[in-house]
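Remarks on the structure that follows.
Computed from a predicted structure; not experimentally measured.
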Amino acid sequence: MSGKGLNNFFKEYLNEKSIFLNKRVLQASYNPENVLHREKEVNLIANILAPILKKEKPSNVFIYGKTGTGKTLTMKYISDHINDVADEKKIQVKIIYLNCKLKRVADTEYRLIAQLVREFGKDIPPTGLPTDEVYNIFFKTIEDSEVILLLILDEIDQLVNKAGDEIIYNLTRINTELDKSQISLVGISNSLVFTDNLDPRVRSSLSEEEVLFPPYNALQIQDILKKRASIAFNSGVIGPGVIEKCAAYAAREHGDARRAIELLRVAGELTERKKKKKIRLQELDRAQEKIEKDRVIDTIQTQPKQSQTALYCITSLINEMKNKTYTGEIYEKYKTLCINLNLRPLTQRRISDIIAELDMLGIVNTNVVSRGRYGRTKEITIGYPLSMTTKIRKILESELGLS
DNA sequence: GTCAATTCACATGAAAGAGACCACGGTCTAGTG
DNA sequence: CTAGACCGTGGTCTCTTTCATGTGAATTGACGA
């Protein structure tokens with residue numbers, strides 16, 4: 001394209017009527033004005049948390065439900081409203097929302113507490129201080145600020161998995177030592193069985209109240225989609241059956257509304273790129289594929305070298321013969337590949353864990369099988385569509401610098 | 001043929017090490033008046 | 001005299017290694033029918 005041609009392209013692009021009216025509505029960060037089909041949960045949580053406005057400590061709440069069931073959205077919605085009223089009536093309330101999954105923000109005890117202190121405007125170094133020192137600073141800070149602190153810990157299961165349940169115990173226990181301030185905890189978890197493995201003391205104090213978010217059913221997702229679509233798209237853009245199919249896809253995936261919305265957005269983007277005026281079922285299918293593909297490729301590319309090497313071995317083994325392979329085979333192959341790549345090979349123990357990590361990411365599927373006299377091992381199959389193997393191998397080859 | 005013991009090839013756990021990053025306080029050095 | 005450079009110590013955090021223990025069914029071999 002020549003310079004002039006490019007100019008024309010951009011001009012044309014500007015003149016084109018977008019099918020989107022307001023794309024932001026379909027993005028994950030968007031907070032709708034009200035939360036559909038969650039009236040019961042909103043009321044319940046609002047009732048539990050309301051005492052905070054009278055300067056009384058609300059019960060700790062534990063919220064759980066699968067991904068995309070509106071937990072985070074609901075909590076944000078409620079806390080926004082609490083903040084509004086508190087501002088209006090000049091009530092001292094502090095609500096802190098932390099996502100424990102965010103790497104390097106709140107995924108360890110130290111970082112969580114440090115982040116909390118930062119929320120109060122103090123500066124804490126990212127490392128270097130002893131943890132109890134940070135606790136002391138935190139303690140002093142809230143005691144001085146004399147507030148009821150509502151601490152919302154999203155994806156709390158991740159935090160406990162990584163750093164143990166002592167943090168929660170410490171946070172709940174800190175109340176007994178606080179004089180002028182109090183802390184209430186709101187734990188949000190995707191895992192339904194999270195509390196089972198918790199220390200009984202922690203469990204009882206964290207889940208003084210429990211709220212379960214059931215998955216949306218297909219009709220509810222349709223409602224949500226229609227609402228969002230009416231704001232996001234120009235009228236008449238959505239073809240017949242699109243919303244319904246979109247909802248059906250999501251309902252199959254345990255009622256994940258986030259996925260449904262993303263699907264609709266990507267379908268819209270694809271439609272626009274093809275300069276079509278209407279989203280049809282065809283684009284929806286295409287979008288479904290694209291999302292899956294992007295997700296897999298993205299996770300693979302962000303893996304460390306060693307994981308990529310291990311994964312490359314798995315794809316090689318699966319490529320050259322059957323459709324499954326075993327830990328021992330992979331490790332043998334891995335060792336020789338490491339020599340070729342001039343990489344220090346890790347121990348089998350570590351590779352075993354790396355395979356488990358790849359399993360967690362959904363890139364491979366593993367299954368522990370006992371082959372009787374021939375030992376016990378993991379049976380590994382790939383977790384992405386077979387049609388993607390060539391592409392993925394290419395990506396891995398370039399990442400690893402293989403010819 | 002039956003049944004318990006054996007055996008394989010790892011899985012799974014726990015603990016500890018290596019190395020990167022960082023804060024803090026003390027000491028040294030060079031520049032300033 | 002003082003600001004800044006430069007240690008040493010002690011802390012967190014991630015990725016690994018080392019050591020130890022667990023595991024489930026095919027196989028083996030003793031046993032009795």
Side-chain angles (χ1 to χ4, degrees), chain A residues 98-118 121-141 155 157-168 170-171 193 196-199 299-314 317-318 322 324-339 341-361 363-381 383 399-400:
Chain A
L98 279 183
N99 189 329
C100 305
K101 207 173 77 179
L102 290 179
K103 290 258 173 197
R104 288 161 218 293
V105 176
D107 58 345
T108 68
E109 182 165 20
Y110 180 97
R111 299 217 259 244
L112 177 77
I113 305 298
Q115 188 60 34
L116 288 179
V117 178
R118 281 191 208 109
K122 291 202 181 175
D123 207 26
I124 292 280
T127 168
L129 295 181
T131 305
D132 35 341
E133 180 69 23
V134 186
Y135 258 111
N136 286 336
I137 300 174
F138 173 60
F139 186 84
K140 247 212 187 101
T141 318
E155 317 231 16
D157 44 332
Q158 304 277 334
L159 175 68
V160 172
N161 268 345
K162 265 197 72 178
D165 50 15
E166 276 164 45
I167 312 164
I168 302 175
N170 288 339
L171 279 175
V193 293
D196 294 359
N197 314 321
L198 239 50
D199 187 305
T299 39
I300 288 176
Q301 275 175 336
T302 51
Q303 285 305 299
K305 272 242 145 40
Q306 294 286 5
S307 298
Q308 290 178 343
T309 314
L311 180 60
Y312 186 75
C313 296
I314 296 174
L317 283 164
I318 284 184
K322 59 257 162 158
K324 52 182 144 183
T325 177
Y326 304 94
T327 310
E329 286 176 351
I330 294 169
Y331 190 62
E332 284 308 310
K333 186 130 197 151
Y334 164 80
K335 273 196 295 192
T336 57
L337 183 61
C338 275
I339 294 166
L341 285 172
N342 226 348
L343 213 61
R344 193 174 57 85
L346 303 177
T347 48
Q348 180 155 343
R349 176 72 187 82
R350 181 66 189 128
I351 293 300
S352 176
D353 277 351
I354 285 179
I355 293 171
E357 282 160 24
L358 290 173
D359 180 29
M360 287 279 293
L361 293 167
I363 298 171
V364 301
N365 296 320
T366 72
N367 192 12
V368 179
V369 290
S370 184
R371 292 177 300 172
R373 185 61 196 267
Y374 306 106
R376 217 165 110 88
T377 180
K378 268 203 198 98
E379 192 179 272
I380 293 133
T381 54
E399 288 275 331
L400 296 170

Using only side-chain N and O atoms of A:Arg350, determine if any of them is under 4.0 Å from OP1 or OP2 of B:dA11.
no
Give the rounded distance in Å between these two atoms: CD of A:Gln115 and C1' of C:dT12.
16 Å
OP1 or OP2 of B:dA9 sitting under 4.0 Å from any side-chain N/O of A:Lys378?
no
According to salt bridge (charged side-chain N to carboxylate O under 4.0 Å, His left out), who are the partners of A:Glu379, at least two apart in sequence or on a separate chain?
A:Lys324
Residues in salt bridge (charged side-chain N to carboxylate O under 4.0 Å, His left out) with A:Arg371, at least two apart?
none
Please enumerate all residues that pass salt bridge (charged side-chain N to carboxylate O under 4.0 Å, His left out) together with A:Asp353, with sequence neighbours excluded.
A:Arg349
Look for any protein N or O under 3.5 Å of an N or O in nucleotides 20-30 of chain C and output each such pair with its distance, or none.
{"unit_1": "C:dT23", "atom_1": "O2", "unit_2": "A:Arg376", "atom_2": "NE", "d": "3.0"}
{"unit_1": "C:dG24", "atom_1": "N2", "unit_2": "A:Gly372", "atom_2": "O", "d": "2.9"}
{"unit_1": "C:dG24", "atom_1": "N3", "unit_2": "A:Ser370", "atom_2": "OG", "d": "3.0"}
{"unit_1": "C:dA26", "atom_1": "O4'", "unit_2": "A:Arg373", "atom_2": "N", "d": "3.0"}
{"unit_1": "C:dT27", "atom_1": "OP1", "unit_2": "A:Tyr374", "atom_2": "OH", "d": "3.4"}

Using salt bridge (charged side-chain N to carboxylate O under 4.0 Å, His left out) as the criterion, list what pairs up with A:Glu133, not counting sequence neighbours.
none
A:Glu133 CD to B:dA23 C1', in whole Å, measures 11 Å
Run the side-chain contact (heavy atoms from CB on, under 4.5 Å) test on A:Lys378 and A:Asn367 for me, step by step, so that the C-alpha distance in whole Å, both residues' side-chain angles and the decisive distance to 0.1 Å come before the verdict.
CA-CA 5 Å; A:Lys378 268 203 198 98; A:Asn367 192 12; over 6 Å; no
For nucleotides 20-22 of chain B, list the nitrogen or oxygen atoms of the protein found under 3.5 Å from its nitrogen or oxygen atoms, one pair per line.
none

Tell me whether the side-chain N/O atoms of A:Thr347 come closer than 4.0 Å to OP1 or OP2 in C:dT16.
no
As a test of reading the structure: which of C:dT16, B:dA11, C:dC13 is closest to the side chain of A:Gln306, going by heavy atoms?
C:dT16
